[in-house]
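Since the structure comes first, as structure tokens, the remarks are kept for the end.
Reckoned from all heavy atoms, side chains included, excluding hydrogens, waters and symmetry mates. Each ligand, and each atom within it, is numbered from 1 in the order the structure gives.
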Amino acid sequence: MQHPVPSAEQAQWLTASGVRDVELAFADVTGFARGKTLPSGAFIAGQQLRIARAVAIQSCIGEFPDYRFYGENDPDVLLLPDMATLRPVPWADTPRALVLCDNIDHDGSLSPLAPRSALKNVLARYAARGWAPVVAPELEFYLFAPDADADAPFQNPALRGGRRERGFDSFSFSTLNDHEAFFDDIYRGCELLGIHTDTWVHEMGPSQFEINLKHGDALALADQTFLFKTLLKETGLRHGLRVVCMAKPLAGQPGSSMHIHQSVVDGNGRNVFSQVNGEASHAFQHYIAGLQRYLPQLMPLYCPSPNSFRRFVKGLAAPVNLSWGIDNRSVGLRVPVSGAEARRVENRLPGCDANPYLALAASLGAGLLGVEEELQPTAAAEGNVFNQQLDAPELPATLEAALAAMQQGAGCRKLFGDAFSAAYAAVKEVELASFQGEISAWERRYLATLA
Ligand SMILES: NC(=O)CC[C@H](N)C(=O)O
């Protein structure tokens, strides 16, 4: 395989803007940016860079699962730059660039352990049918005051005039103004990184915001979402703010989602979810059925931690079922009102804590399996179904239950293969063991005096 080099125009830009280093970056399974930097000159000359294969499956506590999940001899992968993603690093003081990379195994194939590979493999399955998904992720996140004490609840940042938000201030502009300098930097960063944002709003929780990305190609949107979350955190640190993308950072307050709007176009750019007469197609029905059948088995991919499951409570606009319905926020799979060309389904289950590559891969993969297997969905839900007994499949209520469903079901292996499925489950087991080994503030508060 020919190792890619930057175009003449890119090389000239790197030199002229005094870029010293280029970060060769990729998302690990948690969604953290990892990689190595290369001096700009070496990058322009096409120098190859390798990194341990295991880095893609580093757990969120920094530990790795057993060698057998990534190779007994602890092998390397090649970091293969995707030159279309070469960008300046907005948060760097010294000019620096980044480029997103694929992890390539020694046989020249995409390493199955890397999240970008998982998404690319699902997209190849679409491409084999002459189809391509169109997606639009929406991200909610909280701004908190910087606080190093992990045992204390998060505090909202101070606002103009020494105020602090009490919450439930949704859709107001005042707090957007309070954080104007931060949001201006985010805007600038998005421009530099090629992230196309659409609407920005204040969400329901105190200092909770939502930013929607413009719809487009799934790999491009996964890259943008990954970079956007990194940009949020880095920019927050520069403004004395802590940006938190956990699914449920505050008890009693709304959680943070990563809703994913999705449709599919054919080779002529026609939405396959609609017939020529404007009615919903069979493919649309099968796609929704695929989400209903397979999302419960794929849940650890888009609800990756014990905290993810705390978000699913009634009354805070979070999904608690796998029903589908038109313009209905009491279901997990919402079909927004639209013209036939924009017919789409919004998967409301993923949390903002999800790795965007894996959340997109799982969601698009589940829908595609529904099409391939010609599954039939349940009847559309009508009205508020939060408290109704539904015929849609149940969602696992904890990470343990979701992992069991993933391991018992065939969905993850069908889509991502045995190596990824086993390695991902092993990563989650490392994290769960660490979680269960910790004594919580609740235990100290309520149990300490009883014994
Ligand atoms: N924007 C909304 O619909 C709110 C979503 C809600 N915060 C959730 O956790 O899913």
**OP:** For E140 and S257, test the side chains for any donor-to-acceptor distance below 3.5 angstrom and give the result as yes or no.
**Re:** yes
**OP:** For the residue pair Y142 and E203, confirm or rule out a side-chain donor-acceptor distance under 3.5 Å.
**Re:** no
Give one line per pair: atom of ligand 1, protein atom, distance. Only N/O to N/O under 3.5 Å.
from     : atom 1 : to   : atom 2 : distance (Å)
ligand 1 : 1 (N)  : E203 : OE2    : 2.8
ligand 1 : 1 (N)  : E210 : OE1    : 3.2
ligand 1 : 3 (O)  : R348 : NH2    : 3.0
ligand 1 : 7 (N)  : E140 : OE1    : 2.9
ligand 1 : 7 (N)  : E140 : OE2    : 3.1
ligand 1 : 7 (N)  : G255 : O      : 2.9
ligand 1 : 9 (O)  : G255 : O      : 3.4
ligand 1 : 9 (O)  : R311 : NE     : 2.7
ligand 1 : 10 (O) : R311 : NE     : 3.3
ligand 1 : 10 (O) : R311 : NH2    : 2.9

Subject >> Modelled atom types, side-chain donor and acceptor of E374 and Q285, under 3.5 Å >> reply: no
Subject >> D178 with R163: basic N within carboxylate O range, under 4.0 Å >> reply: yes
**OP:** Evaluate the criterion ring-ring contact (aromatic ring centres under 6.0 Å, His included) for residue pair W200 and F209; output intermediate values, then yes/no.
**Re:** CA-CA 7 Å; W200 301 45; F209 298 88; 9.2 Å; no
Original post:
Salt-bridged, R116 to D82, with N to O below 4.0 Å?
Top reply: yes
